[in-house]
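What follows is a single structure, written as structure tokens, with notes after it.
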There are 4 protein chains.
Amino acid sequence: MKNNRPKYYQIIDAAVKVFAENGFHGSQVSKIAKAAGVADGTIYLYFKNKEDILITMFKEKMGQFIDRTVHQINQKKNANEKLLTLIEMHFTQLSEDRNLAIVTQLELRQSNYELRYEINSVLKPYLTVIDNILMEGINDKLFRDNLKIPLVRQMIFGTLDEIVTNWVMKDCKYDLTAEVEQVHQLLIGGICRIDKIV
Amino acid sequence: MKNNRPKYYQIIDAAVKVFAENGFHGSQVSKIAKAAGVADGTIYLYFKNKEDILITMFKEKMGQFIDRTVHQINQKKNANEKLLTLIEMHFTQLSEDRNLAIVTQLELRQSNYELRYEINSVLKPYLTVIDNILMEGINDKLFRDNLKIPLVRQMIFGTLDEIVTNWVMKDCKYDLTAEVEQVHQLLIGGICRIDKIV
Amino acid sequence: MKNNRPKYYQIIDAAVKVFAENGFHGSQVSKIAKAAGVADGTIYLYFKNKEDILITMFKEKMGQFIDRTVHQINQKKNANEKLLTLIEMHFTQLSEDRNLAIVTQLELRQSNYELRYEINSVLKPYLTVIDNILMEGINDKLFRDNLKIPLVRQMIFGTLDEIVTNWVMKDCKYDLTAEVEQVHQLLIGGICRIDKIV
Amino acid sequence: MKNNRPKYYQIIDAAVKVFAENGFHGSQVSKIAKAAGVADGTIYLYFKNKEDILITMFKEKMGQFIDRTVHQINQKKNANEKLLTLIEMHFTQLSEDRNLAIVTQLELRQSNYELRYEINSVLKPYLTVIDNILMEGINDKLFRDNLKIPLVRQMIFGTLDEIVTNWVMKDCKYDLTAEVEQVHQLLIGGICRIDKIV
DNA sequence: TATGAATGAGGTTTCATTCAT
DNA sequence: TATGAATGAAACCTCATTCAT
């Protein structure tokens, strides 16, 4: 049904651009409307309010983000490769849509408590994808069996998130995807020399 | 000099509390003034504007945060122990001042570009502390010699930050410091079984 | 002709209900349309604008109101009985259609100058009915011959109107028609003891 | 205290004028502010919102209205004269402040349910004044002893209100106070010839 | 230094009305 | 006739900041 609603996507796409360029607070609804080529009031036929544009946009984009990630991961045969793919997909997708990256890394954080909880629930399926990789790795004896999954997931997500945020803060000037291998190595093997690990 | 300005600290302390309880946007200057027991206008004798309260507060608190961390780290004899101490200090200090934790993890992010750059510059010395530990570890052959320090620093900081944010979002309900050891193990040794590391 | 336009009456009847339940300002055109089972745009095939619904509805209802009143009055043989009948009809008809009562006593007043003048012109025939009763009463030497008719009409209408408004404001909880006799006595004989009238 | 708040009265006086000239809905807060010679925001230092201006204004004016009326009434020695004085004061005071008359007779009615209940509570003391006159008249055997006071009060108030509204609707073109005597006669003695009263 | 009354810019949202189908 | 998606004007109120005292 939503596919038959071109204005819905016009508005979302305009919003990503406008939010990225002006920040959430600097993006007046009228500015988004103008960018989308619709009247101000039309926005409210598709979205409850300004915040709803942000969160709905995030849901749509995150849905695609996860779908594509899962699709690629499913073609890999072990947890190690899956983690590598996850990192690669994470960096690649955000590299390819820098406006989206700006919005997810910066604008989306500028929100109140309620919105933040909504964001977390949208993010949840992605975190589950990470959890599943970890469980698979443990089952297959690839990963340590004493891993506390939530903690590891927080390390993985926190690491990726911080790296992307730094990249965005540096105006996306360097090639984010160049880091994929090293990040994977770090997460897999830690920073210690093998012979020193107790 | 600042010690002779008790209202300066009154306002900062009131601001931490008010920001933590109401969020940045929900914290009207008049609310902070009332909590600090001064007139609205007095705020502007000590701070340039509302954002300046936030950033100055962060500078003050982060200064102490770093000083204490460095002091503890300096008493450790190798990079490995220093990293453990850093994690411990990070979690302990935020555990002990939950209002500050709320402000640093949530409210501080709700800011515009310029503020964010200022925040980064305040954060810089802390990131340097991490870098120094890493360099020491590499020099002492404790850590791998092919580590890309900025990346590792981002992993470490991103991990700690994400863990603390999760804890704050869960209303600080559990004991954050209980995780110190495991986080250290993860960062040091990664998630892979040693015998599987290529 | 209008009888061939069922939607016209559908809309009017829906409007009475919606106005009564939500007030004029709380009754969006789309709400009336939905209640009438027609599309928003259809409203504008039958009515000039939202106010026109209100005034047209009032015209229709007031027309019936007056017709029924006149019909009953014509069966009475003197001004005194006619006045009693007018009071009775006034209270009875509004008692029997409480939504209409709410609209006439409350919502209809929430209007701008122009609408108010239109309302007055709709009301005029009713006021003429009162005037006619008064003139008949004076001619037949039933009523004083020094009555200033407009003033008396204002007393009569003002009294009835105020009583009905009070009843509506008290949620139509008591039996309005029970007051008919006493109101008639008051208007006819005033409040003074007969022996005290100079 | 309020006497030390000149802006409070500046705003109220400006509001009466602006409401009378433009109607409640046509009176933007900025228009009232400009008329009062203050900034828009200043309005909100003294009033909760736009409706609060209307109701507060009505409270202030009605308070004076009642005080003056009661003061005059207290100098009269019987219920009959007191009623005459009440009518006289009612017409005189509204004649002398036509803007106030417009606001009370027209604009104040354009309000939602909640406001209407507030208005009624402001009006209550005035209705009590009428009730007291009626009770005194009954006790002194001047008025009939079978009067149902609420009903009579509604007749009296409804009559006065309707007469004033008609006068306002006719642009206050004629002398309202000229009607005082006749209105009093009507309310006291009714419309019937004495010899016809059963 | 300290006050706090006053300022006034700025934006989200509603909803009556239109018009292409 | 009938539809209902689209329009876009319009205004209340907040709150960071100032400045006369």
Side-chain angles (χ1 to χ4, degrees), chain A residues 4-8 10-11 25-34 36-53, chain B residues 4-8 11 24-34 36-53, chain C residues 4-8 11 24-34 36-53, chain D residues 4-8 10-11 25-34 36-53:
Chain A
N4 297 326
R5 299 196 296 164
K7 302 221 162 151
Y8 175 84
Q10 273 174 49
I11 294 167
H25 293 296
S27 298
Q28 294 83 345
V29 172
S30 61
K31 209 180 265 180
I32 298 170
K34 178 173 277 185
V38 300
D40 293 17
T42 305
I43 301 269
Y44 292 87
L45 295 177
Y46 296 92
F47 303 91
K48 218 166 58 246
N49 51 38
K50 190 179 160 186
E51 278 195 346
D52 190 40
I53 306 175
Chain B
N4 297 327
R5 299 196 299 163
K7 298 210 170 165
Y8 174 85
I11 294 167
F24 181 68
H25 292 296
S27 298
Q28 293 80 348
V29 172
S30 62
K31 208 182 266 180
I32 297 171
K34 176 175 277 185
V38 301
D40 293 17
T42 305
I43 300 268
Y44 291 86
L45 298 175
Y46 294 93
F47 302 91
K48 215 165 65 243
N49 52 37
K50 189 180 162 185
E51 282 192 343
D52 190 40
I53 306 174
Chain C
N4 297 327
R5 299 196 297 164
K7 296 211 170 163
Y8 175 83
I11 294 167
F24 182 69
H25 292 297
S27 297
Q28 294 80 349
V29 172
S30 62
K31 208 181 266 178
I32 297 170
K34 176 175 277 184
V38 301
D40 293 16
T42 305
I43 301 267
Y44 291 87
L45 297 175
Y46 295 92
F47 301 91
K48 215 166 64 243
N49 53 37
K50 189 180 163 186
E51 280 192 344
D52 190 39
I53 307 175
Chain D
N4 298 326
R5 297 197 296 164
K7 302 220 162 149
Y8 175 82
Q10 273 174 50
I11 294 167
H25 293 297
S27 298
Q28 294 82 345
V29 172
S30 61
K31 208 180 267 180
I32 298 171
K34 178 174 278 185
V38 300
D40 292 18
T42 305
I43 301 268
Y44 293 88
L45 296 177
Y46 296 92
F47 302 91
K48 219 166 57 243
N49 52 37
K50 191 180 158 185
E51 279 194 345
D52 191 41
I53 306 175

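Within every chain, numbering begins at 1; the chains are lettered A, B, ... in the order of the sequence lines, protein sequences first and strands thereafter.
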Subject >> Dot-bracket summary - DNA chain F, pairs being Watson-Crick or G-U whose distances fall under 3.5 Å, with | when paired to another strand >> reply: .||||||||||||||||||||

Original post:
When you match V29(C) and G37(B) each to their closest nucleotide on DNA chain E, which lands nearer the 5' end?
Top reply: G37(B)

Original post:
Which residue, S30(C) or K7(B), contacts DNA chain E at a nucleotide closer to its 5' end, judged by nearest heavy atom?
Top reply: K7(B)

Original post:
By a strict heavy-atom criterion of less than 4.0 Å, which residues belonging to residues 45-53 of chain A are in contact with DNA chain F?
Top reply: L45(A), Y46(A)

**OP:** Enter the distance from T42(D):OG1 to I32(D):CD1 here, rounded to the nearest 0.5 Å.
**Re:** 13.0 Å

With the side chain counted from C-beta on, respond yes when [X] and [Y] share a heavy-atom pair under 4.5 Å apart, and no when they do not.
X      : Y      : answer
K31(B) : K34(B) : no
P6(D)  : Q10(D) : yes
H25(B) : H25(A) : yes

**OP:** Fit a plane to each ring of Y8(B) and F47(B), take the angle between them on a 0 to 90° scale, and name the class: parallel (under 30°), tilted (30 to 60°) or perpendicular (over 60°).
**Re:** parallel

Separation of [X] atom [atom1] from [N] atom [atom2], in whole Å?
X      : N       : atom1 : atom2 : answer
F24(C) : dT14(E) : CZ    : P     : 19 Å
I43(B) : dT18(F) : CD1   : P     : 13 Å
Y44(D) : dA16(F) : OH    : P     : 18 Å
D40(A) : dT12(E) : CG    : C1'   : 9 Å
I32(C) : dC15(E) : CD1   : C1'   : 12 Å
I11(D) : dA5(E)  : CD1   : P     : 14 Å
Y8(A)  : dA5(F)  : OH    : P     : 16 Å
H25(C) : dC12(F) : NE2   : P     : 13 Å

Original post:
So does T42(D) get a side-chain nitrogen or oxygen closer than 4.0 Å to the phosphate oxygens (OP1/OP2) of dT7(E)?
Top reply: yes

Original post:
What is the minimum heavy-atom distance between I11(A) and A36(A), and which atoms define it?
Top reply: CA-CB, 3.8 Å

Original post:
What distance, rounded to whole Å, do you find between the two C1' atoms, one in dT21(F) and one in dT1(E)?
Top reply: 13 Å

Subject >> Cationic tip of K50(D) above Y44(D) ring, under 6.0 Å, 45° of axis >> reply: no

